[in-house]
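Note on naming: letters A, B, ... go to the chains in the order of the sequence lines (proteins, then strands), and numbering restarts at 1 for each one.
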Protein chains: 2
Amino acid sequence: MKKKKSELLTEVELEFMTELWALGEGTVRDVLNNLPDDRNLAYTSGATILRILEQKDFATSRKEGKSHVYRPTLSKDTYQTRSLKDLSMKLFDDTPASLVARLVDDDELTEEALGQIRALVDRRLKHDSG
Amino acid sequence: MKKKKSELLTEVELEFMTELWALGEGTVRDVLNNLPDDRNLAYTSGATILRILEQKDFATSRKEGKSHVYRPTLSKDTYQTRSLKDLSMKLFDDTPASLVARLVDDDELTEEALGQIRALVDRRLKHDSG
DNA sequence: TTTGGAAAACGAAATGCTTAGTATTTACTT
DNA sequence: AAGTAAATACTAAGCATTTCGTTTTCCAAA
């Protein structure tokens, strides 16, 4: 029986995937150019990270000219859902409501954000029940 | 200017902190006894992990008889808030509402959980404004 | 007071992440 | 067709995490 790999991205992988999601697709150079200015990575480091993302099936690449163009195989939405599920499981007894409870208890949360959240929940409840 | 360490627990550290939060406090033996049955760790591994947690200031220990008794220095609530903030920042543009949006879009979420979530948000809104 | 058993301290092996250097390939230009 | 600039493949070093073996310390019982 094999231990199920957690299927979550590491810190740097997430950083690169975030760029790919924003760009839609891109070469090593594209991704590096879109990182924050204070992020100074060698070209080869970026290439390694994208190659690893492809190995782990988070991205695919096609050859275009002399470059590889990388594209996510996983939507950001899907990955967000996966991450939330993981956090909920590990830290909130697998109970999403308690996760939201902690979130709305945060004093730094603005009234506006709270209102948005309620609107979202209401809309979803209406959709479900008619 | 020093890069701020992320202050998050690793996988195994979280596993042990979860036991400490549940127990209130405990020795190496106590924590090991409370792990799932299929989790077979050597005593020394448990000791190492708790020592690391103390080094990283997630726990303190006092001597009691010949053992160390470990106790969290951080409440689970606080750590939950910290984790949510981290996730929100890295994956949801620092917008908690979009995190909740993703959560309530999850098809596997039950009607009941949705109701609970709305009740939580409503209560918080009332408290603030009235 | 010696000694046997339990716990702690130390440290090291194994693995995976992050970063980047070197060598090789590719394709455009002349 | 050869030279060159850019991209890739390969590889490895440095570090953190996870795990545990060995040595040391401590207490308690004989």
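A salt bridge does not link B/Lys56 with B/Glu54: none of the charged nitrogens is closer than 4.0 Å to a carboxylate oxygen. Contact check on A/Asp94 versus A/Lys85 returns no salt bridge, with no Lys/Arg side-chain nitrogen under 4.0 Å from an Asp/Glu carboxylate oxygen. A salt bridge between A/Asp86 and A/Lys90 is present, with a side-chain N of the basic residue lying under 4.0 Å from a carboxylate O of the acidic one.
Residue A/Lys56 has a polar side-chain atom (N or O) positioned under 4.0 Å from OP1 or OP2 of C/dC17. Considering only side-chain N and O atoms, B/Arg29 lies under 4.0 angstrom from the phosphate OP1 or OP2 of C/dA7.
The cluster map of Ile, Leu, Val, Met, Phe, Trp and Tyr, joined by side-chain heavy atoms under 4.5 Å apart, puts B/Val69 and B/Met17 in different clusters.
Ring geometry, B/Tyr79 versus B/Phe58: the interplanar angle exceeds 60°, so the pair is classed perpendicular (tilted spans 30 to 60°).
Put simply, CD on B/Glu13 is 6 Å from P on D/dT18, counting in whole angstrom units. Going from atom CG of A/Leu14 over to atom C1' of C/dT18 covers 15 Å, rounded to whole Å. Protein atom CZ of A/Phe16 is 11 Å distant from nucleotide atom P of C/dT18, rounded to whole Å.
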What's touching nucleotides 21-23 of chain C from the protein side, N or O pairs under 3.5 Å?
unit_1 : atom_1 : unit_2  : atom_2 : d
C/dG21 : N7     : A/Thr44 : OG1    : 3.2

Please tabulate the protein-to-nucleotide N/O contacts below 3.5 Å involving nucleotides 26-30 of chain C, giving atom names and distances.
unit_1 : atom_1 : unit_2  : atom_2 : d
C/dA27 : OP1    : A/Gly65 : O      : 3.3

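Counting only N and O atoms by type, the side chains of B/Thr81 and B/Thr78 include no donor and acceptor under 3.5 Å apart. Between the side chains of A/Asp30 and A/Thr27, at least one donor N or O sits under 3.5 Å from an acceptor N or O.
Distance from the side chain of B/Ile52 is smallest to D/dT18 among C/dT19, D/dA7, D/dT18. The side chain of A/Leu41 has C/dT19 as its nearest neighbour among C/dT19, D/dT8, D/dT17.
Between B/Glu13 and the choices B/Ile52, B/Thr18, B/Leu50, the side-chain contact (heavy atoms from CB on, under 4.5 Å) rule is met once, by B/Ile52.
For A/Ile49 and B/Ala47, each mapped to the nucleotide of DNA chain C holding its nearest heavy atom, the one lying further toward the 5' end belongs to B/Ala47.
In this structure B/Phe92 satisfies the ring pair (Phe, Tyr, Trp, His ring centres under 6.0 Å) test with no other residue, sequence neighbours excluded.
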